[in-house]
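Written below as structure tokens is the structure these notes are about.
Small disclaimer: the values here were computed from a predicted structure and weren't measured. In what follows, chains carry the letters A, B, and so on, assigned in the order in which the sequence lines appear, proteins first and then strands, with residues in each chain numbered from 1.
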Protein chains: 4
Amino acid sequence: MIFRQPIRIEFNHCDPAGIVFYPRYFEMTNSVCQSFCREIIGHSYAEMMARGQGLPAANIAVNFHLPSRLEEVLDWRMQVTRLGGSSLACRLEAHCDGTHRLTADLTLVFVADGRPYPWPQELRDRITAFMEAPDEP
Amino acid sequence: MIFRQPIRIEFNHCDPAGIVFYPRYFEMTNSVCQSFCREIIGHSYAEMMARGQGLPAANIAVNFHLPSRLEEVLDWRMQVTRLGGSSLACRLEAHCDGTHRLTADLTLVFVADGRPYPWPQELRDRITAFMEAPDEP
Amino acid sequence: MIFRQPIRIEFNHCDPAGIVFYPRYFEMTNSVCQSFCREIIGHSYAEMMARGQGLPAANIAVNFHLPSRLEEVLDWRMQVTRLGGSSLACRLEAHCDGTHRLTADLTLVFVADGRPYPWPQELRDRITAFMEAPDEP
Amino acid sequence: MIFRQPIRIEFNHCDPAGIVFYPRYFEMTNSVCQSFCREIIGHSYAEMMARGQGLPAANIAVNFHLPSRLEEVLDWRMQVTRLGGSSLACRLEAHCDGTHRLTADLTLVFVADGRPYPWPQELRDRITAFMEAPDEP
């Protein structure tokens, strides 16, 4: 299944060339992951923080296909590509106006007290259910 | 009348103390102003840019009443307090869970080709209509 | 006495109009305050964090006099205007090329465990010594 | 040869877990590239902007090895790995206290009027001279 989140391009995201400054895309990838945790896994970043847990990035690789501009609304799409013992690999894409703007492959690691920690079964079940659910038509 | 915009607190906004880092509030005040221009004035930042116009801040004063935390959704409220020849003074407040988080008084200046420029009549009319409209019950 | 810190304008700070986006100035005011704590008070933000202390902003008022551009190096100047029981009022100015870009008046509050806390005497002594020291010629 | 730039970790860079928020690392990679252009290529981002040129990222891949904390000073190191017709591939590493924090592989593209444009010979010569210069002992 695909998790989707629209993000409007704000002044805040744009550089003097009038396009999204690439570091801001990573604020967006993090926003999508934060929403995914809250809405799909049912375990928000705030809950993680309160329990000494976290979900830092181990690696990320992005290809920027086309620039994005002020006031455009990006259609972010996130898929889980692999669920590991304490990791979560995912692919995020941003699309707008029928064009594909960027692709990001990201590996997150579930940590507790600063160390990688196995996904709790309840969270693992929800991620698996998401992965196996068919896309909405 | 009051223009409202909800903004969820993201990881992106928070500092090591777990609360919103104050510079991020200014990204939010700008986001609210950008939405106000698009939705109320009907003249988006993108349209301004395309015409060599802008709406920079001349001054801003903020009182931080209470901290805000990850995953809270702030209810931003914006009122126009004075419409000048080429300026717009406004008050923005952020509320959440029945508490008042901050108050910002901001003066924006309409510029064209880098200089203050009188508000075009059409835009002035829309701002005035907004100011005179009653609050929704 | 005046505490000074140069900050070069980076792509990161600029908006589609090619000038510093005003929220980024607040990242700079915070950077100057962070350096002031480390170098003048001798009690860094990292040390504060480790002891459950902090120095959040209670209020800030900024007048933006002139815009700043990519690659300019701002000469930030900070003066303490009032030392309270647990507060610190200061004025920050940014200058460049003989022009005065902005003035910020900021009140910080020393907190411990989330509440205002009296300045420890050692820190208070250092701030007072800074306030009373003559400007370098 | 290796281009180096120290960057101190500010409050601005850190997240509620007290470590650098990964999108902020990309503000740093951009800062290093901006300095490289100004100091090594002798053609600053400001000069590029003034001529309708730019150096956007085509892709970036980062491995985050170890977290970084408030007040640490990262030793950023940049090497050019390949100079193409209008591209520049480089590797950036951040080190601190004898540990290797992250590795970023980045491809930048020289553009003029929004399209890839061959490196002007003068700039190409300077990049080549940098690549061929021995490391300082």
Side-chain angles (χ1 to χ4, degrees), chain C residues 5-57 60 67-74 76 96-97 106 108 110-111 114, chain D residues 5-57 60 67-74 76 96-97 106 108 110-111 114:
Chain C
Q5 180 177 321
I7 299 182
R8 183 181 291 269
I9 305 302
E10 300 188 339
F11 221 67
N12 185 43
H13 301 119
C14 296
D15 68 15
I19 59 177
V20 174
F21 180 50
Y22 79 84
R24 306 299 168 216
Y25 279 124
F26 297 90
E27 299 182 5
M28 297 184 209
T29 59
N30 195 71
S31 173
V32 174
C33 291
Q34 179 175 336
S35 301
F36 178 84
C37 287
R38 184 181 61 247
E39 297 177 21
I40 301 296
I41 309 188
H43 193 59
S44 74
Y45 278 22
E47 288 168 298
M48 290 187 203
M49 285 290 109
R51 297 175 192 193
Q53 303 165 342
L55 198 59
I60 188 166
S68 299
R69 294 191 155 73
L70 193 60
E71 294 285 356
E72 288 188 323
V73 179
L74 298 186
W76 281 88
C96 185
D97 281 337
L106 172 64
L108 301 169
F110 187 71
V111 299
Chain D
Q5 180 176 318
I7 298 181
R8 183 182 291 271
I9 304 303
E10 301 188 338
F11 221 67
N12 185 43
H13 301 120
C14 297
D15 68 16
I19 59 176
V20 174
F21 180 50
Y22 78 83
R24 306 297 170 219
Y25 279 124
F26 297 90
E27 300 183 4
M28 299 184 209
T29 57
N30 195 71
S31 173
V32 174
C33 290
Q34 178 175 336
S35 301
F36 178 84
C37 287
R38 185 180 61 246
E39 297 178 21
I40 301 297
I41 309 189
H43 193 58
S44 74
Y45 278 23
E47 289 170 297
M48 289 187 203
M49 284 290 110
R51 299 178 190 189
Q53 303 165 342
L55 200 59
I60 188 165
S68 299
R69 294 192 155 72
L70 194 60
E71 295 286 354
E72 289 188 323
V73 178
L74 298 186
W76 282 87
C96 185
D97 282 336
L106 171 63
L108 301 169
F110 188 70
V111 298

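Contacts between residues 20-41 of chain C and chain D, counted as heavy-atom pairs separated by less than 4.5 Å, involve C:Glu27, C:Asn30, C:Ser31, C:Gln34, C:Arg38.
Remark: C:Met49 CE to D:Phe11 CZ distance equals 4.0 Å, nearest 0.5 Å.
Residues forming a side chain to side chain donor-acceptor pair (under 3.5 Å) with C:Arg8 (at least two apart in sequence, or on another chain): C:Glu71.
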